Amino acid sequence: PGPLNTKLLQDFLDTDEKAQRRLVHVPMGRFGEATEMAKAALFLASDDSSYMTGASFVVDGGITSAYVTAETRVDPFGGPKESLF
């Protein structure tokens, strides 16, 4: 899943700068809510999904389709340090 707006995430991303560094990778521009993840699970458990077979059901705010590998070594707490190449 994509990053969810939980107390744990809020404590980890305790400054606006840290939150923005994470959000830049989320095409929807916001953290997901736990209820959104729960609703996806409830859909899959319901009769509404009875015709689904072997499908990927990604609930990540678009991160999977927009993910790009950095060309520089990145310290998750301090930013780019050196080139990988």
Side-chain angles (χ1 to χ4, degrees):
L4 298 180
N5 184 21
T6 63
K7 172 114 174 66
L8 180 65
L9 185 69
Q10 290 172 7
D11 289 347
F12 180 68
L13 303 176
D14 58 353
T15 67
D16 189 52
E17 181 182 353
K18 287 181 184 178
Q20 290 306 313
R21 291 188 75 194
R22 180 69 169 134
L23 280 173
V24 73
H25 300 288
V26 183
M28 290 195 70
R30 63 176 181 83
F31 297 122
E33 296 295 332
T35 56
E36 292 170 308
M37 191 62 60
K39 287 177 182 179
L42 286 172
F43 168 73
L44 291 173
S46 75
D47 288 340
D48 291 336
S49 67
S50 64
Y51 202 63
M52 292 183 69
T53 58
S56 294
F57 199 77
V58 183
V59 185
D60 69 357
I63 292 174
T64 301
S65 61
Y67 186 79
V68 178
T69 302
E71 292 185 17
T72 58
R73 188 171 307 277
V74 176
D75 173 351
F77 300 103
K81 296 296 182 198
E82 61 186 66
S83 175
L84 291 175
F85 305 102

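Keep in mind that what you see is a predicted model, and the values were worked out from it rather than measured. All values below were derived from every heavy atom in this structure, side-chain atoms included, with hydrogens, water molecules and symmetry-related copies excluded. FYI, the numbering just counts along the sequence from 1.
- Within the structure, salt bridge (Lys or Arg N to Asp or Glu O under 4.0 Å) contacts touching residues 23-37 (residues at least two apart or in different chains) are R30-E36.
- By the side-chain hydrogen bond (donor to acceptor under 3.5 Å, both in side chains) test, D16 is found to be paired with no residue, residues two or more places apart in sequence or in another chain being considered.
- Note: K18 NZ to L9 CG = 11.0 Å, rounded to the nearest 0.5 Å.
- For T53, the side-chain contact (heavy atoms from CB on, under 4.5 Å) criterion is met by no residue, not counting sequence neighbours.
- Heavy atoms only, all atoms of each residue included: V59 and A40 are closest at CG2-CB, 3.5 Å.
- Taking every heavy atom of both residues into account, P27 and G61 meet most closely at CD-O, 3.4 Å.
- With sequence neighbours left out, the ring pair (Phe, Tyr, Trp, His ring centres under 6.0 Å) criterion links F57 to F43.
- Qualifying side-chain contact (heavy atoms from CB on, under 4.5 Å) partners for L42, counting only residues two or more places apart in sequence or in other chains: none.
- One finds the CZ atom of R22 at 4.5 Å from the CD1 atom of I63 (value rounded to the nearest 0.5 Å).
- By the criterion of side-chain heavy atoms lying less than 4.5 angstrom apart, applied directly or through intervening Ile, Leu, Val, Met, Phe, Trp or Tyr residues, V26 is not grouped with L8; the two fall into different hydrophobic clusters.
- Among pairs with a residue in residues 42-59, none fulfils salt bridge (Lys or Arg N to Asp or Glu O under 4.0 Å), at least two apart in sequence or across chains.
- Annotation for S46 and S49: closest pair O-OG, 3.1 Å, computed over non-hydrogen atoms.
- Residues L4 and M28 are members of separate hydrophobic clusters, defined by side-chain heavy-atom contacts under 4.5 angstrom among Ile, Leu, Val, Met, Phe, Trp and Tyr.
- Side-chain contact check for F31 versus Q10: every heavy-atom pair is 4.5 Å or farther apart.
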